[in-house]
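Letters A, B, ... mirror the listed sequences (proteins, then strands); counts begin at 1.
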Protein chains: 2
Amino acid sequence: MKNDPFRASFDSLEEFADMVSEVLHCPITIEDANHRLLAYSTHDDRTDPARIATIIGRRVPEKVINSLWKEGVIPSLLNSRDPIRVKTVDEIGLGNRVAVSIWKNDEVLGFIWALEIEKTLGEEEMNCLKQAADATKNKLIQLQNRKNKKEEQFQEFFWQLLTSHLSTNEEIINKFHALQISPPSSFAVAVFQFSKELGRDDEKHIAYLLKTIQMPKILLHTIDHQQLVLFISLDGIQKPVNKLNAFCELFVAKMKERFGIDSIVQGYSSVYSDLGKVEKSYKEARTVLSVKRKFPREAKEIHGYQSLGIYKYIDVLIEKSGTDQNENYSLKKLQEYDKKNNTDLVETLEVFLNHDSNVHEAANQLNVHTNTLNYRLKRISEIGEINLKDPNQKITLYLDLKLEKFK
Amino acid sequence: MKNDPFRASFDSLEEFADMVSEVLHCPITIEDANHRLLAYSTHDDRTDPARIATIIGRRVPEKVINSLWKEGVIPSLLNSRDPIRVKTVDEIGLGNRVAVSIWKNDEVLGFIWALEIEKTLGEEEMNCLKQAADATKNKLIQLQNRKNKKEEQFQEFFWQLLTSHLSTNEEIINKFHALQISPPSSFAVAVFQFSKELGRDDEKHIAYLLKTIQMPKILLHTIDHQQLVLFISLDGIQKPVNKLNAFCELFVAKMKERFGIDSIVQGYSSVYSDLGKVEKSYKEARTVLSVKRKFPREAKEIHGYQSLGIYKYIDVLIEKSGTDQNENYSLKKLQEYDKKNNTDLVETLEVFLNHDSNVHEAANQLNVHTNTLNYRLKRISEIGEINLKDPNQKITLYLDLKLEKFK
DNA sequence: ACTCAATTTGTGAAATTACACAAAACGTTC
DNA sequence: GAACGTTTTGTGTAATTTCACAAATTGAGT
């Protein structure tokens with residue numbers, strides 16, 4: 001290049017940011033591929049709320065990232081090596097700015113942002129920004145290598161936790177500190193099951209998504225065949241279960257929305273404080289997935305082990321009813337009647353029980369008149385010799401219906 | 001004795017009954033200790049409905065026996081060797097009569113009844129009746145010996161059935177025929193648990209009671225330590241489960257009422273047709289007893305294996321929750337709250353669930369205002385983070401409450 | 001004794017449910 | 001297609017439940 005202002009070497013990214021800032025006369029921010037702040041210029045104090053928030057939190061706020069995805073800015077940056085202009089988005093305090101992605105071969109390593117506070121960058125300056133991006137490349141590669149090495153250590157540690165390879169809690173805590181993670185005082189393990197083996201690209205997408213979600217904090221993550229396993233800190237979260245649920249649904253939604261990755265099934269463990277229980281948590285999360293495999297419809301909305309309810313017991317119940325082979329007398333009668341008379345008493349009963357014995361709701365779901373349902377219930381209790389006011393009987397029917405479904 | 005009209009030997013009891021009838025000028029009936037008809041006089045055709053029913057059915061009708069117990073007649077006969085006069089009881093078609101018991105040492109072998117249709121027996125005739133009783137003694141002892149031998153065969157056969165010692169159904173049916181019992185087309189096994197080891201007297205009382213109950217038919221019975229085991233035919237009974245339930249309660253009530261034997265626990269199996277399933281039935285009946293031992297309060301009214309409901313699964317559930325040691329999060333929260341604030345939320349929840357979520361009934365049992373209960377339920381769902389409209393959650397709580405109870 | 005929050009009880013209106021009855025629809029059998 | 005029993009739906013009323021709100025009670029802490 002004939003006129004590259006950034007040929008000179010530089011020691012730190014901060015120094016470099018200031019240099020670019022001086023050339024372009026606007027504040028500069030450099031981020032990694034996961035939108036973590038790497039450096040920002042300080043010689044210019046004009047700025048906007050989004051930049052302040054980024055600098056304070058050492059990362060781009062989640063809502064800003066969301067907005068940039070929605071506006072198509074990030075997809076463009078990931079597709080093109082040219083600078084892209086972003087219009088003001090007032091709601092999130094984002095002023096006009098220009099961004100460019102930093103590339104190594106076919107991979108994006110990070111981004112440079114230039115705020116257009118008072119002036120708009122011309123074509124030449126845009127070009128200059130592109131050159132700046134090229135100049136940071138090597139620095140970012142170094143950083144990435146360092147990070148990869150650390151990442152490997154994380155992986156190894158996480159698998160040790162998941163398999164209870166570390167015996168004492170002290171040992172675990174030491175290891176946490178060694179990796180510069182503060183051990184969580186309460187945590188959970190989540191597992192996401194994908195519909196295909198996860199490739200390198202998927203891994204990157206996942207890592208990206210996990211890094212940009214700020215709460216809850218994903219301390220460790222790893223991928224095993226079709227499963228993504230997360231170790232989640234719940235420190236300082238008031239309603240951990242709510243949060244976990246929201247997170248699980250959010251993650252799945254974003255994976256689909258941003259990367260078109262579909263049909264992910266999620267499961268997470270109870271909340272524990274004892275770091276020796278990571279393996280147990282892992283098992284719990286996988287139990288949730290296993291229940292969802294067996295009962296796709298009924299367990300669709302259940303993600304947490306806590307919420308499994310009766311399905312916590314489903315395995316032993318299946319086993320027991322298999323060995324004893326005791327069909328439920330009432331169900332047998334109803335099934336016989338259904339077959340003979342072309343009726344749907346069994347289904348009716350199940351819907352009724354699913355809706356907590358609420359005639360109105362059940363009738364709605366069945367698309368029949370309330371009185372019809374009442375009539376059927378009367379027949380059901382006659383034919384099946386069931387007392388629908390007896391919780392023991394109802395619960396047994398509920399369980400046996402679910403069990404039957406599995407066979 | 002100076003003047004015994006019955007010194008002469010006689011061939012059959014029938015002949016003897018006629019002889020006595022002629023001496024006393026009134027119809028005579030002879031029964032064994034279990035009120036089965038042994039013989040009756042025919043030379044006199046004056047009679048009353050109770051006697052006709054006895055002769056037709058070859059046994060004294062149950063309601064007549066009941067009445068005689070209530071009037072104190074049978075207890076007196078079992079206590080005294082003297083003839084006893086019975087006043088007319090119109091409701092059961094019983095005319096005036098005199099009865100005397102037949103003794104061998106301290107044991108009653110049977111009874112002789114003399115109807116006072118037109119005349120009343122004088123003292124001399126009463127004495128004569130007593131002599132007649134003495135004269136039948138030897139004949140009855142013979143009968144009893146024969147019966148005892150048969151009884152032993154029954155016992156052996158029953159234990160073979162209970163332990164699945166006979167392999168093919170054909171074998172079983174042949175054995176039934178050999179013992180002159182017609183194999184039932186449907187049956188059940190019932191077990192009664194007594195609070196003490198059963199002695200010879202108890203056995204007799206039990207045998208007596210079983211013989212006098214006409215429906216359902218007890219084909220076989222045996223005693224094992226503190227347990228009475230029955231093999232019950234359900235042929236020709238429309239609502240077998242109802243009948244069994246009624247029978248179990250009746251048996252316990254009568255044992256107490258007549259013999260003062262208390263705190264009997266009853267359990268019976270499902271109804272089966274396959275005679276190869278006697279052992280399974282026996283196990284089922286014992287399972288009921290075992291549940292009642294573990295859950296005396298909740299299973300008090302449950303006698304049938306069919307009605308066990310969730311308690312059918314209780315063993316595996318206990319085991320599962322033991323190995324996993326997963327306390328229910330909601331219950332834990334509620335227990336903590338109860339302890340801290342001196343409240344009864346857990347109990348409230350249980351009563352509520354026991355009453356099928358019926359606020360009114362539950363409030364009644366708890367002796368609080370309906371609104372109080374509603375308030376508590378609201379607190380319960382807040383504190384325990386429970387959705388009381390979700391059947392899965394409710395069922396889980398129900399199960400976990402019962403499980404907790406067991407610990 | 002006072003304060004405070006939590007709990008209990010009372011009241012009444014609105015919503016929901018239970019139930020009886022009649023009419024209509026449906027499917028089967030002859 | 002007529003006759004039959006079963007099922008579905010509509011209507012109306014009585015009973016019950018739900019819910020909000022106010023008042024009274026409790027009990028622990030100061």
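Atom CG in A/Leu373 sits about 13 Å away from atom P in C/dC19, given to the nearest Å. If you measure from atom CG of B/Asn367 to atom C1' of C/dT7, you get 17 Å, rounded to the nearest angstrom. The distance from atom CG of A/Leu377 to atom P of D/dT7 is 13 Å, rounded to the nearest whole Å. What separates CG of A/Asp338 from P of D/dT6 is a distance of 16 Å, to the nearest Å. Taking atom CG of residue B/Leu366 and atom P of nucleotide C/dT9, one finds them 11 Å apart after rounding to whole Å. For A/Ile380 and D/dT6, the CD1 to P distance is 17 Å, given to the nearest whole Å.
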Contacts under 3.5 Å, N or O only, protein and nucleotides 2-5 of chain C:
none

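Every residue meeting the ring-ring contact (aromatic ring centres under 6.0 Å, His included) condition with B/Phe251, not counting sequence neighbours, appears here in chain and number order: B/Phe192. Legend: residues meeting ring-ring contact (aromatic ring centres under 6.0 Å, His included) with B/Phe187, ordered by chain and number and at least two apart, are B/Phe231. Every residue two or more places apart in sequence or in another chain was checked for a side-chain hydrogen bond (donor to acceptor under 3.5 Å, both in side chains) with A/Ser307, and none qualifies.
Remark: the B/Asp400 side chain and the A/Tyr313 side chain contain an N/O donor-acceptor pair separated by less than 3.5 Å. Using modelled atom types, one finds a donor on one side chain and an acceptor on the other under 3.5 Å when comparing B/Glu385 with B/Tyr329. Checked by atom type, the side-chain pair B/Lys394/B/Ser357 shows a donor-acceptor distance below 3.5 Å.
Listed nucleotides: D/dT8, C/dT8, C/dT7. Nearest to the side chain of B/Arg376: C/dT8. Among the nucleotides C/dT7, D/dT7, C/dT9, the one closest to any side-chain atom of B/Thr372 is C/dT9.
One distance of note links CG of B/Asn169 with CG of B/Asp274; it measures 5.0 Å at 0.5 Å rounding. If you take CG on A/Asn328 and CD on A/Gln393, they are separated by 9.0 Å, rounding to the nearest 0.5 Å.
Proximity of B/Tyr375 to the phosphate of C/dT8: no side-chain N or O atom is located under 4.0 Å from OP1 or OP2. A close approach under 4.0 Å does occur between a side-chain nitrogen or oxygen of B/Arg379 and OP1 or OP2 of C/dT7.
The overall bend of the helix from C/dA1-D/dT30 to C/dC30-D/dG1, read as the angle between its terminal helix axes built from five base pairs each, is 40° when rounded to 10 degrees.
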Requested in this report: Run the numbers on B/Lys292 and B/His303 for side-chain hydrogen bond (donor to acceptor under 3.5 Å, both in side chains), then give the verdict.
Outcome: CA-CA 9 Å; B/Lys292 286 199 187 189; B/His303 308 323; 2.8 Å; yes
Report summary line: Whether each nucleotide of nucleotides 11-30 of chain D has a protein heavy atom under 4.0 Å at its base (B), only at its sugar-phosphate (S) or at neither (-) is summarised, 5' to 3', as B-----SSBB----------
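Geometrically, A/Lys333 does not engage A/Tyr337 in a cation-pi contact defined by less than 6.0 Å to the ring centre and at most 45° from the axis.
Between B/Tyr268 and B/Tyr305, the distance from one ring center to the other does not fall under 6.0 angstrom.
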